[in-house]
Amino acid sequence: MSGPVVMKFGGSSVANAERLRNVADIVRSEDADGIVVVLSALGGVTDALFSCGKTAAARNEAGALGGLGRIMERHREVAGELFGGAVPDELADFIAAAEHELSLLLRGSAMLGALPDQSLDALVGHGELLSSRLLAAFMQVPWLDARLVVRTDSRFGQARPLPAEIRDLAGKEVLPILARGGIVVTQGYIGSDASGAPTTLGRGGSDFSASLFGAAIRAAEIQIWTDVEGVLTCDPRVVPDARPVEHLGYDEAAELAAFGAKVLHPATILPAVELGIPVTVRNSLLRKGRFTSITRDASSGLPVTALASRAPVSVLTVRSPGMLGGAGFLARIFEAFGRRGVSVDLVSTSEVSVSMTVEASAPLEGLAEELSSFADVRIERERAIVALVGEQLRRTPGVAGMAFSALRDMNVEMISLGANEINLSLVVAQSDAPEALRRLHAAFFGKENSGSVSKGVA
Ligand code: ASP
Ligand code: MG
């Protein structure tokens, strides 16, 4: 590969010594002009640190320190396993210093009965500092404190990165190492503000970090290593023969994520995608296996790239004969939604009615009551949105027909083609959703059907 790459490993890929060794192997076998390894905390450690913080803020000093002790012990154990007992002093000192710093922080918090956001960020970011230190020591490669590079604003807990400054800082701290074809191990999730105070990018922020590093060094590729084979055609718990999507467009990824496809949040890879840097999603347990490549425009080439679904949702149908020619009707409805802070997902209108899906938890009673002053309102609960996502949807006639014939006897209550025309959404009863997904998957991805629409539709 020409140019440097970023390789990011999530918490489950670095959960223990064996997994860390596996990561070292994967990194060593990558042939790139320089590698930035971005690590998450060992699986479960970020949660555990949050819980120590909470315990301390509840004035339970012993509980908090006990929790911290267990976290540090786990790191010492992993270190012991990695080095067969002969843990380098430098690493042991690093772990001890972290433990000392965090115990002071927790004691202070227990005394205060509070943990300010700024201190919380300093606490919870230590998971990444420790995991990355373990790997760097094991691989004997430079360790970089990401807080020297990932400059952010001061919104602790949800800090926003400052890309121009990150680029400058990466130029100083990272590029010189990469120029020698080297490997550097750093952290996801954390950064620091202008005063140097540690910040975090929000939970799950390591993908975002990978993308920020990738953009800053103009990487040739950003690899997101996880424990699934890329982005799948459907949730494998529902459709066991779901398979990885080879080429996924950025907009498709965004649509899928909006429906809860869990692999990665597209906003977090935007800085890279905007620069045309491909982001690949790979499985660290099947390193030579299939994977997904996400780029700005690429697409599977099939009419449907993947399926997703979200449930439960509620469907609100507002009906008024006055809608005929009455231009203010929709405005009135949406104004009421806006005022009550209820956000609408799908909308489908007819001459006299409009149906909208909203989150099951949305406060619908008051809204329905208000709307009933000028329209008939019906609420249906326990519904599911099933989405067919594909860049080629708009250019492929017959997809809707094929979907309907797959669902034959099921009651499809609402249908909506998203404004970007890459998402065809259907609403069915929540209890029908798994079967709907299986049938749609068989129709669009089934073995005997490689996705060609002509076959399914007259
Ligand atoms: N360790 C952080 C978290 O659990 C960040 C990440 O893994 O992406 O949220
Ligand atoms: Mg993660």
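In listed order, ligands and their atoms are each counted from 1.
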Handout entry: Taking every non-hydrogen atom, the tightest pair across E229 and P244
Key =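 Here E229 and P244 meet closest at O-CB, 3.2 Å.
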Run the salt-bridge test on [X] and [Y] with the 4.0 Å N-O cut-off and return the result as yes or no.
| X | Y | value |
| --- | --- | --- |
| R296 | D251 | no |
| R107 | E61 | yes |
| D193 | R151 | no |

Handout entry: Polar atom proximity, G11 to ligand 1 (N or O, under 3.5 Å)
Key =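 So ligand 1 has no N or O lying under 3.5 Å from an N or O of G11.
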Any atoms of ligand 1 less than 4.0 Å from a non-hydrogen atom of [X]? List them with their elements.
| X | answer |
| --- | --- |
| Y189 | 2 (C), 5 (C) |
| S40 | 6 (C), 7 (O), 8 (O) |
| S206 | 5 (C), 6 (C), 7 (O), 8 (O) |

Problem - contact_flag G205 ligand 1 heavy-atom lt 4.0 Å - result: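 Yes; G205 lies near enough to ligand 1 that a heavy-atom distance drops under 4.0 Å.
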Problem - ligand 1 contact by G127, heavy-atom criterion under 4.0 angstrom - result: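 False for this residue.
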Handout entry: Atom pair OG/CD1 of S309 and I385 - distance to nearest 0.5 Å
Key =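 Atom-to-atom, S309:OG and I385:CD1 are 9.0 Å apart.
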Handout entry: Aromatic F291 / basic R282 pairing, under 6.0 angstrom, 45° off normal
Key =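 Relative to the ring axis of F291, which defines the angle, R282 lies inside both limits.
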Practice task
Select the closest option to atom 5 (C) of ligand 1 among R203, K8, E128, judged by heavy-atom distance.
Solution key: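 Closest candidate by heavy-atom distance is E128.
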